[in-house]
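One structure below.
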Amino acid sequence: MTAQGGRRGQWLRIVAPAAVGVVVLAAWQALVVVYRVPAYLVPSPLLVLRTLVSDRVLLFHALASTLGVALAALVIAVVAGVAAALVFAQSRWIETSFFPYAILLQVTPIVSIAPLIIIWVHDLWAALVLCAVVVAIFPVISNTTLGLRSADPGLVDLFRLAGASRWQTLWRLRVPGALPYFFGGLRIASGLALIGAVVAEFVAGTGGASAGLAYQILLAGMQLNIPRMFAALVLIAAAGVALFAASGALAHAALARWHESELPRDS
Amino acid sequence: MTGFVAGPAVIELSGIAKTWPNGTRALAGIDLAVRRGEFLTLVGPSGCGKSTLLKLIAGLTHATAGRIATSEGRPRIGFVFQSPTLMPWARVDTNVRLPLDLARMPRARADARVADALALVNLAASAGSLPRELSGGMQMRASIARALAAEPDLLLMDEPFGALDEFARERLDGELLALWSAQRFTVVFVTHSIQEAVFLSTRVVAMAARPGRIVDTWEIDEPWPRSAAFRLSPAFAAHAQRLSLRVAEAGGGEPGGAVAQ
Ligand SMILES: Nc1ncnc2c1ncn2[C@@H]1O[C@H](COP(=O)(O)OP(=O)(O)OP(=O)(O)O)[C@@H](O)[C@H]1O
Ligand SMILES: [Mg+2]
């Protein structure tokens, strides 16, 4: 393929899904108008857009709040998750002793622990972040641990022959080799952090300074303000896509030169 | 030099057996002394434990029974694996510099050695490439450069030229021999090619499988340096015939089948 063909492929990746979106939205708009569906059942896309504009101060404030919680949680999940993985990778004993608890954390539904966390942690913002961390941390731990353990056995032998210290083997071999696994975990964690933040806000159900999108959805639901509910939903989805894209871009920046997952397909 | 006289044993294996944890008896009753300065080649059917034997010599795995003794302290070992085993994220020169970096050699000295090693395997132009941008044979040459850069006392090579075409193999055989005669390190070499074994070695070891064992060992007592003419001599054919027969008896295929006439 030529560079031109490659660019055409990139365009297709943007244009094709966008076309699908436009068709679906147009059909939705048409159906709502033709059948005169009331706005408190299903609002039309244009109405949702208008609400997005008219309620922008409220909604974007909420978006900033939710995104803030999700991003803080993601950063903490990455730092703590990578630290845990580094410890796990040091010894099978540590991993076998502690890994089941990481799984326990993962399989316990966040809605069931969130009330406890919110009671225990007095600062509401910290409680929300903690809930989101609990949801997002597992893929970081498990992927990074797997990556650190997956070093090429031949290279491990080579390091041993050269008399490498444990530390040298970790930094020069295990950590670079674990990066593709880590970024796979990050991609999943970025979505989970947002889900965790939204669920925690729902459980907390409070307004005030940290009123996020979930709270706006709850409130709009009670007031039967369905267009605003949809507008908030759109923002949550957009935030999720943005987080996913950002983590993908990070992975690309780090791996593009050498890892199969990020190589151009026609090379 | 015309004749070759080996030095004392660098490393001595006696009564070595190796059974892998899954029950595979890879080696049994191996007695072998690797002598300083020799070019020792192991030949045998696939699965007879040649790679396992190299790993035992390198200390990368432990014997189930027997003793491995080193006389003059642990030699500095260079290992060329059956596959290139390069770090995919690092440039070729960084890969070659790895053993020097791990030994904390000053950067300038290490870079000079890397440049020499890369030139030796004809890869100077690819120093800045990533392994994935190299052909399989080039990757293998990079891994040979990496082993040479560390200036080992004992060089263990596991079918290093197996992935190369006949011409590249013969050229590298020649270069390896030139280097070996100049620097006098010890080589334990594994190959499937009878010709390569006879051409390169001061001594050959024929092995059999299930369990892996040594069936015959003898000196290739032919003059040095060896040129292309050696490949056409009657002596060469005689050694090749004998090696081919031993390996065939051991279950490695048709006798004579691997000998070019
Ligand atoms: N890590 C391992 N675990 C279990 N069995 C092994 C392991 N490595 C090798 N083996 C077994 O030990 C035997 C000898 O293997 P080895 O790799 O030494 O053979 P080889 O002579 O080098 O063969 P080839 O010429 O095909 O490379 C084989 O039967 C193989 O299946
Ligand atoms: Mg082998």
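Residue numbers start from 1 in every chain, and the chains themselves are labelled A, B, ... in the order their sequence lines are given, proteins ahead of strands.
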Assert top hit (heavy-atom pairs under 4.5 Å, partner chain B, pool A/Gly163, A/Ser165, A/Gly154, A/Pro153) equals A/Gly154
Best-contacting candidate, A/Leu173, A/Asp152, A/Leu158, against chain B by heavy atom pairs under 4.5 angstrom:
A/Leu158
Tell me whether the count of non-hydrogen atoms from other residues, nucleotides or ligands lying under 6.0 Å of CZ in A/Arg149 goes above 12.
yes
Which one, A/Gly177, A/Ala162, A/Pro176, leads in non-hydrogen pairs under 4.5 Å with chain B?
A/Pro176
Salt bridge between A/Arg172 and B/Asp101, side-chain N to carboxylate O under 4.0 Å?
yes
Measure distances from B/Phe81 to the heavy atoms of chain A and classify the residue's part below 4.5 Å as side chain, backbone, both or neither.
side chain
For A/Arg257, which atoms come within 4.5 Å of any heavy atom of chain B: side chain, backbone, both, or neither?
both
Need one label for B/Arg76: side chain, backbone, both or neither, based on atoms under 4.5 Å from any heavy atom in chain A.
neither
Do the side chain of B/Gln82 and the main chain of B/Glu159 share a donor and acceptor less than 3.5 angstrom apart?
no
Under 4.5 Å from any heavy atom of chain A - which part of B/Leu60
both
Polar side-chain atom of B/Thr85 near backbone of B/Ser83 as donor-acceptor pair, under 3.5 Å
yes
Are B/Glu12 and B/Arg67 close enough, and set up right, to give a salt bridge (charged side-chain N to carboxylate O under 4.0 Å, His left out), and what steps lead you there?
CA-CA 8 Å; B/Glu12 195 160 0; B/Arg67 236 169 57 82; over 6 Å; no
So for B/Leu86, is it side chain, backbone, both, or neither that comes closer than 4.5 Å to the heavy atoms of chain A?
backbone
Side-chain donor-acceptor contact under 3.5 Å, B/Thr191 with B/Glu196
yes
